[in-house]
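Notes follow once the structure below has been shown.
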Protein chains: 2
Amino acid sequence: MEDRPSYDRKLLQILRDAAGVFAEKGYHRASIRDISAATDVSLSGLYYYFSSKEELLFLIQDHCFGTLLACLEEELNRESDPAVRLRIVVRNHLRFFLDNMKEMKVLSHEADVLTGKYQNTIQDRKRAYADTVHEILGDLRPADGADLRTATFVLFGMMNWVYTWYRPERDLPVERMEEEILHLFLNGFLTSKTSSDPGGEDDIRPLEPSSIWRSG
Amino acid sequence: MEDRPSYDRKLLQILRDAAGVFAEKGYHRASIRDISAATDVSLSGLYYYFSSKEELLFLIQDHCFGTLLACLEEELNRESDPAVRLRIVVRNHLRFFLDNMKEMKVLSHEADVLTGKYQNTIQDRKRAYADTVHEILGDLRPADGADLRTATFVLFGMMNWVYTWYRPERDLPVERMEEEILHLFLNGFLTSKTSSDPGGEDDIRPLEPSSIWRSG
DNA sequence: TCCGGAACCGTACAAGCGTTCGATCGGCAA
DNA sequence: TTGCCGATCGAACGCTTGTACGGTTCCGGA
C-alpha cells in the first residue's frame with residue numbers, strides 16, 4: 001500500500017463525522033445522505049472511501065477498538081500487579097469512553113449489525129479484550145464463590161452503560177468516575193460473601209415463581 | 001372503553017411476537033412485513049391493533065415497563081428496611097429481565113427512538129424508576145464521598161447490560177446472579193473509600209492527557 | 001332475513017434507501 | 001501541451017419501506 005497521508009486524514013475525518021451521525025440516529029436510521037451532509041462529501045464521493053455502508057460501520061468500530069486496545073496493551077505491558085493492572089483497564093476504558101463517546105456508543109450500541117468477516121473481526125477483538133480482563137480478575141484471587149465470567153461482564157456493564165446517562169457538564173469528572181467504579185467493583189469482588197454481608201440474606205420471603213412475569 | 005378480551009389477548013400476543021422481531025433485528029431494521037410474518041396477521045390487518053410502527057414500539061415498551069413497575073411497587077410497599085428494599089429491586093429487575101429478555105432488550109436497546117408524547121411517557125416512567133432506586137440508595141447511608149447519581153446508574157448498568165451476554169444454558173441461574181450483583185454492589189457502596197482500599201491509590205503514574213485518544 | 005360493526009385482507013403508492021455509472025476536475029510527469 | 005490518475009460529483013436505478021384505502025368475512029342482535 002502506498003503512503004497517502006491526505007487520503008488517510010480525510011478518511012479518519014469521515015469516520016469521525018459518520019460516527020457522530022450513527023451515534024445520534026442509530027446505524028439503520030442514519031442514511032448515507034445524512035453522512036454526506038455531515039461530512040460535506042457528495043453521496044457518491046463517499047464510496048471512494050468505503051465500499052458499502054456496512055464497511056463504513058466496520059471501519060469506525062475497527063479503528064476505534066484498535067486504538068483502545070493498542071493504548072491498553074502498552075500500559076499493561078509495564079505492570080504485573082493484578083490490582084494495578086485492573087486499575088489501568090478501568091482507567092483506560094473509561095477515559096476512552098468519555099473522550100470518544102460517539103464512537104464508543106456506536107461500538108456498544110451497534111454491536112450485532114455487522115455480518116460475516118466484518119463481524120468476526122470485531123468479535124475476535126472483543127473476545128480478546130474480555131479475556132484480558134477475565135484473566136486479570138482471576139489473578140486477583142477473588143473471594144470464594146465469585147463467578148469470574150459474571151464478574152467480568154458486570155464490570156463491563158458498569159462501564160459500557162455510561163453512554164446512556166453520562167453528561168459531562170453534570171456528572172463527575174473522569175478521574176472521580178474511575179475511582180468510584182474501581183472502588184465499587186473491587187470491594188465487592190474481593191469481599192467474601194459469607195462474612196459481613198450487609199442487608200440480611202434470609203429475612204425476605206422468596207418471590208413467586210417467575211411465571212407471574214409473563215403478562216399475557 | 002368496552003371489554004373485549006379476545007382483542008386484548010390478540011394484541012398482547014402481537015406485542016410479544018413483535019418484541020421478538022425487534023429484539024432480533026432491531027427496531028429500524030425490522031419491517032412491518034417481518035412482524036406480519038411473525039404474527040400471522042396480514043400487513044394491513046396489523047394496523048387494526050396499532051396506528052403506526054412507532055406506536056407499536058411504544059405499546060411494547062409501555063406494557064413491559066408497566067408490569068415491571070407494578071410488580072416492584074407491590075413488593076416494595078411491604079418493606080421499609082432500605083437494604084431489603086434494594087434486594088427487592090435487584091431481584092425484581094433481574095428476574096423480569098431474564099424472563100422477558102426480548103421485551104427488555106427492546107426497552108433497553110431502543111431507548112431513544114420514540115418521539116413526542118410516546119417518548120415523554122416512557123421517560124417519565126424511567127425517571128420514576130430511577131428515582132425510587134436513587135432514594136433507596138440514599139436511605140442506605142452510604143460511605144462518605146459516594147456519588148448517589150453515579151452509583152444509581154452504575155447499578156443499572158450492571159443489570160441492564162445482561163441482555164448483551166447472558167445465555168441461560170451457560171450462565172448462573174437467576175437467583176445466583178441476584179446474589180452476585182447485590183453482593184458486588186453493596187460491599188463497594190457501603191465501604192468507605194479511604195479505609196482498606198485494595199490496589200494502592202498512588203502507585204501508578206497518571207496517563208497522558210486525554211488528547212492522545214483523539215486518534216486523527 | 002337483514003344489518004352494523006368488529007376483524008381482517010390484497011393492493012397500491014409515494015418516499016426514501018443503498019448503490020452504480022459515466023463524467024469531470026486538478027495536479028503532476030513526460 | 002498532452003496524458004494519466006486520484007478524487008469528486010450529479011443523476012439515475014431498482015428496491016424496500018410505512019402507510020392508506022376500499023373491500024370482504026364473520027357474527028350477534030333485531
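Values below: every heavy atom of this structure, side chains too, minus hydrogens, waters and symmetry copies. Labels below follow one simple rule: chain letters A, B, ... track the order of the sequence lines, proteins then strands, and each chain is numbered from 1.
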In whole Å, I'd like the distance from the CZ atom of A/R9 to the P atom of D/dA7.
12 Å

From OH of B/Y7 over to P of C/dC8, roughly how many Å is that when rounded to an integer?
10 Å

Could you tell me how far apart A/F50 (CZ) and C/dT20 (P) are, to the nearest whole angstrom?
12 Å

Is the count of non-hydrogen atoms from other residues, nucleotides or ligands lying under 6.0 Å from A/E175 atom CD greater than 12?
yes

Pair A/Q13-A/D17, side-chain donor/acceptor within less than 3.5 Å:
yes

If you compare every side-chain N and O of B/Y47 against the phosphate oxygens of D/dT19 (OP1, OP2), does one of them come in below 4.0 Å?
yes

Quick check on A/K53: does its NZ atom have over 12 non-hydrogen neighbours (other residues, nucleotides or ligands) under 6.0 Å away?
yes

Side-chain atoms of B/Y49 come closest, of C/dC8, C/dA12, D/dG6, to C/dC8

Heavy-atom count around B/Q123 CD within 6.0 Å, excluding the residue itself: above 12?
yes

When the nearest nucleotide of DNA chain D is assigned to B/A30 and to A/S44 on a heavy-atom basis, which residue is associated with the more 5' position?
A/S44

Out of D/dA11, D/dT8, D/dT19, whichever nucleotide has its closest atom nearest the side chain of B/I32
D/dT19

Classify the nucleic acid contact of B/S51 as base, sugar-phosphate or nothing, counting any heavy atom under 4.0 Å across all strands shown.
nothing

Does OP1 or OP2 of C/dC17 have a side-chain N or O of A/K53 closer than 4.0 Å?
no

Protein-nucleotide distance (B/R33, atom CZ; C/dC9, atom P), rounded to Å:
15 Å

To the nearest Å, how far apart are A/L56 CG and C/dC17 C1'?
15 Å

Taking CG from A/L46 and P from D/dA7, how many angstroms apart are they, rounded to a whole number?
14 Å

Interatomic distance, A/D40 CG vs D/dA7 P [rounded to whole Å]:
18 Å

Does a nitrogen or oxygen in the side chain of A/S31 sit under 4.0 Å from OP1 or OP2 of C/dG16?
no

Have B/E55 and B/S51 got a donor and an acceptor in their side chains that come within less than 3.5 Å?
yes

Return the value, rounded to whole Å, for the distance between atom CZ of A/R29 and atom P of D/dG18.
13 Å

